Amino acid sequence: QLFHEAYRMQDARLAFILRVTILEMLIKGPGGVKDRMSRSVGTLLGRSTEDREQIREKCRVIYKARSEFLHDGKTDKITPEAKLLALDYARRVIANLICIGEDIDRVRKMLDVSGFGENPFQVQF
């Protein structure tokens, strides 16, 4: 639902926030959100070690842009590239979760256990 709402938003910055929120749904609980979200998205979407690390680093940039906007009102980090990456990663996370067909708590646990290892679900999107 958040993904569709993001498409309906007139404000591109708020759409960006909704898409990052979708990525945050891969983790549970407070503390270290940027690191845990980045690691989880990289592990879920990465097709190789190099791909996983690139996704992880880009997620860290996306999350920083999100935080600067929400906490400080700064919008300069919400670049066109950050918006496209948030859209792409949110879309891919949703598609892969549908294909995995597992309970989200099981997915979270598998991603936590995998850490910086290989993708436990071997997703293709």
Side-chain angles (χ1 to χ4, degrees):
Q1 187 176 1
L2 288 177
F3 190 75
H4 292 291
E5 286 298 321
Y7 268 104
R8 296 173 19 151
M9 301 293 282
Q10 295 293 324
D11 188 320
R13 295 166 299 181
L14 295 179
F16 173 79
I17 297 302
L18 287 178
R19 291 171 180 149
V20 176
T21 300
I22 290 167
L23 302 178
E24 289 182 63
M25 290 177 167
L26 285 178
I27 62 172
K28 190 173 184 177
V33 176
K34 177 173 64 174
D35 291 329
R36 291 186 305 125
M37 182 206 76
S38 300
R39 185 187 71 219
S40 293
V41 173
T43 301
L44 180 65
L45 300 182
R47 294 185 181 111
S48 67
T49 301
E50 183 178 320
D51 189 34
R52 181 188 69 237
E53 290 304 309
Q54 287 176 358
I55 292 169
R56 187 178 68 83
E57 286 304 316
K58 289 177 182 178
C59 279
R60 292 175 60 79
V61 170
I62 288 169
Y63 194 83
K64 183 174 181 172
R66 167 241 180 246
S67 294
E68 286 188 9
F69 176 62
L70 290 179
H71 300 293
D72 301 325
K74 295 180 181 179
T75 60
D76 59 311
K77 299 278 197 284
I78 303 177
T79 63
E81 179 186 16
K83 289 184 231 176
L84 280 173
L85 284 171
L87 170 64
D88 182 51
Y89 293 161
R91 177 190 59 80
R92 289 174 59 196
V93 162
I94 291 168
N96 283 298
L97 289 175
I98 290 168
C99 289
I100 292 167
E102 294 283 347
D103 176 74
I104 189 66
D105 287 327
R106 183 176 182 284
V107 171
R108 288 176 182 142
K109 184 175 181 177
M110 289 292 292
L111 291 173
D112 282 345
V113 169
S114 297
F116 291 101
E118 295 302 317
N119 181 322
F121 299 104
Q122 300 301 308
V123 296
Q124 299 301 313
F125 298 103

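Computed from heavy atoms alone, side chains included, the values below leave out hydrogens, waters and symmetry copies. For this chain, numbers begin at 1 and follow the sequence in order. This structure is a prediction, so every number in the text was calculated from the model and none was measured.
Applying the side chain to side chain donor-acceptor pair (under 3.5 Å) test to every pair with at least one member in residues 2-11, sequence neighbours left out, gives these pairs: Asp11-Arg13.
Residues forming a side chain to side chain donor-acceptor pair (under 3.5 Å) with Asp88 (at least two apart in sequence, or on another chain): Arg91. Arg60 is linked by a side chain to side chain contact (heavy atoms under 4.5 Å, CB included) to Lys34, Asp35, Ser38, Arg56, Glu57, counting only residues two or more places apart in sequence or in another chain. In terms of the side chain to side chain donor-acceptor pair (under 3.5 Å) criterion, Asp103 has no residue partners (sequence neighbours excluded). With sequence neighbours left out, the side chain to side chain contact (heavy atoms under 4.5 Å, CB included) criterion links Glu81 to Thr79, Leu85.
Atoms CD1 and OG, from Ile55 and Ser48 in turn, are 8.5 Å apart once rounded to the nearest 0.5 Å.
Minimum heavy-atom separation, Glu102 to Val107: CB-CG2, 3.8 Å. Considering every non-hydrogen atom in both Gly46 and Asp51, the closest pair reads CA-OD2, 3.5 Å. In terms of heavy-atom proximity, Ala82 sits nearest to Phe16 at O-CE1, 3.5 Å. Ala86 and Val20 make their closest contact through CB-CG2, 4.3 Å (heavy atoms, listed as atom of the first residue, atom of the second, distance). Across all their heavy atoms, Asn96 and Arg92 have their closest contact at ND2-O, 2.8 Å. Closest non-hydrogen pair, Ala15 versus Ala6, comes out as CB-O, 3.3 Å.
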Met25 and Val93: CA distance, side-chain angles, deciding distance, side chain to side chain contact (heavy atoms under 4.5 Å, CB included) verdict: CA-CA 10 Å; Met25 290 177 167; Val93 162; over 6 Å; no

Residue pair Phe3, Leu87: steps toward the side chain to side chain contact (heavy atoms under 4.5 Å, CB included) verdict: CA-CA 9 Å; Phe3 190 75; Leu87 170 64; 3.9 Å; yes

Working for side chain to side chain contact (heavy atoms under 4.5 Å, CB included), residues Arg108 and Leu111: CA-CA 5 Å; Arg108 288 176 182 142; Leu111 291 173; 5.9 Å; no

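Note on Leu84: it does not cluster hydrophobically with Val61, by side-chain heavy-atom contacts below 4.5 Å among ILVMFWY residues. Both Val33 and Ile22 are members of a single hydrophobic cluster when ILVMFWY side chains are connected at heavy-atom separations under 4.5 Å.
When each of Leu44, Thr43, Leu45 is checked for a side chain to side chain contact (heavy atoms under 4.5 Å, CB included) with Val41, only Leu45 meets the rule. Screening Arg39, Arg106, Lys28, Arg36 for a salt bridge (charged side-chain N to carboxylate O under 4.0 Å, His left out) involving Asp112 leaves a single residue, Arg39.
Between Ile78 and Lys83, the closest side-chain pair of non-hydrogen atoms falls below 4.5 Å. Using a 4.5 Å heavy-atom cutoff, the side chains of Leu97 and Leu26 are in contact.
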For residues 65-76, dump all side-chain donor-acceptor pairs below 3.5 Å to protein atoms at least two apart in sequence or in another chain.
residue: Arg66; atom: NE; partner: Glu24; partner atom: OE2; Å: 3.1
residue: Arg66; atom: NH1; partner: Tyr63; partner atom: OH; Å: 3.4
residue: Ser67; atom: OG; partner: Tyr63; partner atom: O; Å: 3.2

